[in-house]
Amino acid sequence: VFDKNDDGFIDKEEFSFCWNHWIKVIVRPVSAFLVVDVQNDFISGTLNISKCNAQQDGSEVVEPINRLLETVPFDCVFYSLDWHPPDHVSFIDNVHMRELHPSSPIPADKAQAYDTVVFAGPPPMKQRLWPRHCVQDTWGAELHKDLKVVDNAVKVYKGTNPEVDSYSVFWDNKKLTDTSLSTQLRARGATDIYICGLAYDVCVGATIADALAIGYRAVLIDDASRGVDLADIERTKQTIVSNNGVIVDSHQILAMV
Ligand code: VGL
Ligand code: ZN
């Protein structure tokens, strides 16, 4: 019935029809849309990713994200915010506040932003140092002014513990504490998570890795994400695919509606 040309392939409209009229009815996916860290500091503030190796413009995620939010009936929508206290361990200008481990490749007085050091702990903790960014209740931590924030969305704050960084929206980097994300997804019966935002190879990558490890069907929206380092973005994509994640463009999602 659906293979019009009887060539073993069905076309896009046929697939959309199959999906909307019976696959979805049987499978009953519950979708969650997670917009990661679309905050001023990553776009035009202190951790402006356009000044990093990949030279990508973070503001370009706003349009595809808004279009998805206006078009796709996601069952729930989450916005994460990097939300650091002023004494956060990841800030380069705080590096002298804590002792480094003797194994640190760079001593405190030589360390610069984007270097990786090892804090003494115990246990010793590797940490990439960043410019001071997304400090709680500052302009840099606000969501981009043009980003659509839908009613009933849930905001998830991460990186609030001064002693540990948090790239994933699920857990901090030491898995000491989780944010409310897992609980909120479970409460809504979510099965599929659509993830995008900033930065592709840092917080977006860590979040989708955790989503896949938990067992969600996780979909990364490539054109609605921008990153720091081209080689790291490539590695992030490979890791997603080898863990059975899916990478799509936003127009592929829009075409399904
Ligand atoms: C992020 C660096 C430091 C991110 C957060 O949101 O990707 N990157 N903190
Ligand atoms: Zn941060």
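This chain uses plain numbering: 1 for the first residue, then up along the sequence. Computed from heavy atoms alone, side chains included, the values below leave out hydrogens, waters and symmetry copies.
Under the 30°/60° scheme for interplanar angles, the aromatic rings of Trp19 and Phe15 are found to lie parallel. Using bins of under 30°, 30° to 60° and over 60° for the plane-to-plane angle, the ring pair Phe170/Tyr216 lands in the parallel bin. In this structure, His84 and His133 have perpendicular ring planes: the angle between them is above 60°, well past the 30° mark.
Defined by atom type and a distance below 3.5 Å, a donor-acceptor pair is present between the side-chain atoms of Asp172 and Thr177. If you check the side chains of Asp222 and Tyr200, you find a donor sitting under 3.5 Å from an acceptor.
Within 6.0 Å of CZ in Arg188 there are more than 12 heavy atoms belonging to other residues, nucleotides or ligands. Within 6.0 Å of NZ on Lys126 lie no more than 12 heavy atoms contributed by other residues, nucleotides or ligands.
Within the 4.5 Å cutoff, no side-chain heavy atoms of Phe33 are placed close to those of Val72. Taking the side chain as every heavy atom from C-beta outward, Arg98 and Pro162 approach each other to under 4.5 Å. Using a 4.5 Å heavy-atom cutoff, the side chains of Glu63 and Arg67 are in contact. Residues Val118 and Pro105 form a side-chain contact, since some pair of their non-hydrogen atoms from C-beta on lies under 4.5 Å apart. Side-chain contact check for Val169 versus Cys203: every heavy-atom pair is 4.5 Å or farther apart.
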Self-check item: Leu47/Tyr114 under side-chain contact (heavy atoms from CB on, under 4.5 Å): CA gap, chis, key distance, verdict
Solution: CA-CA 10 Å; Leu47 216 169; Tyr114 307 101; 3.9 Å; yes
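Arg128 has no carboxylate O lying under 4.0 Å from a charged side-chain N of Asp165, or vice versa, which leaves the two without a salt bridge.
Here the straight-line distance linking atom NE2 of His144 with atom OG of Ser44 works out to 6.5 Å at 0.5 Å rounding. Residue Leu34 holds its CG atom at 6.0 Å from CG of Leu181, rounded to the nearest 0.5 Å. Between Leu100 atom CG and Met125 atom CE the span is 10.0 Å, to the nearest 0.5 Å. Distance check: Asp41 CG to Asn48 CG gives 9.0 Å after rounding to the nearest 0.5 Å.
Contact between Ser80 and Lys158 at its shortest, heavy atoms only, is OG-CE, 4.4 Å.
Connection of Leu81 to Val36 is not established within any shared hydrophobic cluster, with ILVMFWY side chains joined at heavy-atom distances below 4.5 Å, either directly or through further cluster members.
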